[in-house]
Amino acid sequence: MALVDSILIKKLCGGSREAFLLLYEKYASMAYNYARAMLKDEQAAQDVVQECFFRIWESRKSIRPEGNFPAYLYVAARNSVLNELRRRKFADSFAQINIKSLEGSNSEDYTAFGDNTRVLAAVYGIVNCMPESMKQIFLMRYQDELEISQIADALSLSRKTVETQLRRALNKILSNKELLL
């Protein structure tokens, strides 16, 4: 088995699509089963498998033929699953922020944001346009889920500075409500 994988990986390193397809057919179900068990979502698990094999194709020249391909694929799948779980937590946290921030608004009900993917893309677009320090603080708080004091310590800033930057970041996001609805 390892010998066959080694040969396939050597061919893959040389750009063989046939070798890539054989590795995919042999191991995609392993990655899918792992991702499905962790994410409890068939579509997300399929996306993880696609992402893993896309990255394998992109980095095919650096894969070691003598290495353990199933272990390599497992690590790639685990990393993709963890990224998906972080993305979900970020989306959930942001939705909660929006709901809390918009409570009491005279406008219509903003809690129905529709497609979370669209909202998340809009948020990332806004966040990416923020000054670098504000963006870093915002992502540390809502993506990495660090406490304000942890962010302040990590960046050698005062707690008040971190709070001010977070408030400004949220105001920037909420001032673009039309992108979020």
Side-chain angles (χ1 to χ4, degrees), residues 1-97 115-130 132-156 162 169:
M1 179 161 79
L3 179 61
V4 173
D5 286 353
S6 179
I7 293 168
L8 289 174
I9 293 168
K10 283 180 185 175
K11 289 182 178 184
L12 174 67
C13 291
S16 170
R17 292 175 191 254
E18 294 82 20
F20 175 78
L21 290 173
L22 288 170
L23 287 166
Y24 181 87
E25 289 171 6
K26 186 173 181 180
Y27 291 109
S29 63
M30 179 189 82
Y32 173 82
N33 290 336
Y34 170 75
R36 175 76 171 95
M38 297 301 294
L39 298 172
K40 309 209 182 329
D41 179 338
E42 290 179 16
Q43 184 60 49
Q46 290 172 358
D47 291 346
V48 164
V49 172
Q50 291 293 322
E51 181 180 343
C52 289
F53 278 92
F54 174 76
R55 288 185 179 182
I56 286 168
W57 178 255
E58 290 293 306
S59 63
R60 64 189 175 274
K61 293 179 182 175
S62 65
I63 298 174
R64 294 186 1 240
E66 67 278 359
N68 183 340
F69 186 77
Y72 181 88
L73 179 59
Y74 169 77
V75 170
R78 184 194 66 201
N79 290 340
S80 291
V81 164
L82 291 174
N83 287 338
E84 173 63 16
L85 291 172
R86 279 188 213 106
R87 187 199 64 76
R88 287 179 181 182
K89 273 185 146 179
F90 179 71
D92 290 345
S93 295
F94 184 75
Q96 289 173 1
I97 292 166
D115 182 19
N116 282 341
T117 304
R118 185 186 56 75
V119 172
L120 189 59
V123 170
Y124 273 115
I126 296 166
V127 170
N128 283 330
C129 293
M130 291 178 182
E132 198 58 40
S133 61
M134 184 184 294
K135 177 168 81 171
Q136 181 181 19
I137 290 169
F138 181 85
L139 291 175
M140 288 174 81
R141 177 70 177 121
Y142 296 107
Q143 189 172 10
D144 300 338
E145 296 184 336
L146 296 177
E147 296 295 323
I148 291 173
S149 58
Q150 292 173 307
I151 298 168
D153 290 343
L155 299 177
S156 299
V162 172

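Atom-to-atom distance recorded for Glu132:CD and Met130:CE is 11.5 Å, nearest 0.5 angstrom. Distance CD1/Ile137 to CG/Asp144: 12.5 Å, rounded to 0.5 Å. To the nearest 0.5 Å, atom OG of residue Ser80 and atom CZ of residue Phe54 are 11.5 Å apart. Ser6 OG to Lys11 NZ: the interatomic distance, rounded to the nearest 0.5 Å, is 11.5 Å. Distance check, rounded to the nearest 0.5 Å: CD1 of Ile148 to CG of Asp153 gives 12.0 Å. To the nearest 0.5 Å, atom CD1 of residue Ile151 and atom CG of residue Leu146 are 5.5 Å apart.
Scanning all heavy atoms of the two residues, the minimum distance from Asn68 to Pro70 falls at OD1-CD, 2.9 Å. Taking every heavy atom of both residues into account, Lys135 and Val127 meet most closely at CD-O, 3.3 Å. In terms of heavy atoms, Lys40 sits closest to Ala37 at NZ-O, 2.9 Å. Of all heavy-atom pairs spanning Ala45 and Arg36, the tightest one is CB-N, 3.5 Å.
Using a 4.5 Å cut-off on side-chain heavy atoms (C-beta onward), Ile63 and Leu12 make contact. Residues Phe138 and Gln143 have side chains not in contact (no heavy-atom distance under 4.5 Å, counting atoms from C-beta outward). Side-chain atoms of Lys26 and Asp5, non-hydrogen and from C-beta on, do get closer than 4.5 Å to each other.
When Val49, Leu73, Leu22 are each tested for a side-chain contact (heavy atoms from CB on, under 4.5 Å) with Tyr27, only one passes: Leu73.
Ring geometry, Phe20 versus Trp57: the interplanar angle exceeds 60°, so the pair is classed perpendicular (tilted spans 30 to 60°). Using cut-offs of 30° and 60° on the angle between ring planes, the pair Tyr72 and Phe69 is parallel.
With 3.5 Å as the limit, one finds a donor-acceptor pair spanning the side chains of Ser16 and Glu18.
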Applying side chain to side chain contact (heavy atoms under 4.5 Å, CB included), run through Val162 and Leu155 and close with a yes or a no.
CA-CA 9 Å; Val162 172; Leu155 299 177; 5.7 Å; no

Would you please test Val75 and Arg78 for side chain to side chain contact (heavy atoms under 4.5 Å, CB included) and show each step?
CA-CA 5 Å; Val75 170; Arg78 184 194 66 201; 3.9 Å; yes

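A donor-acceptor pair is defined here as one N or O able to donate and one able to accept, closer than 3.5 Å; no such pair exists between the side chain of Arg60 and the backbone of Cys13.
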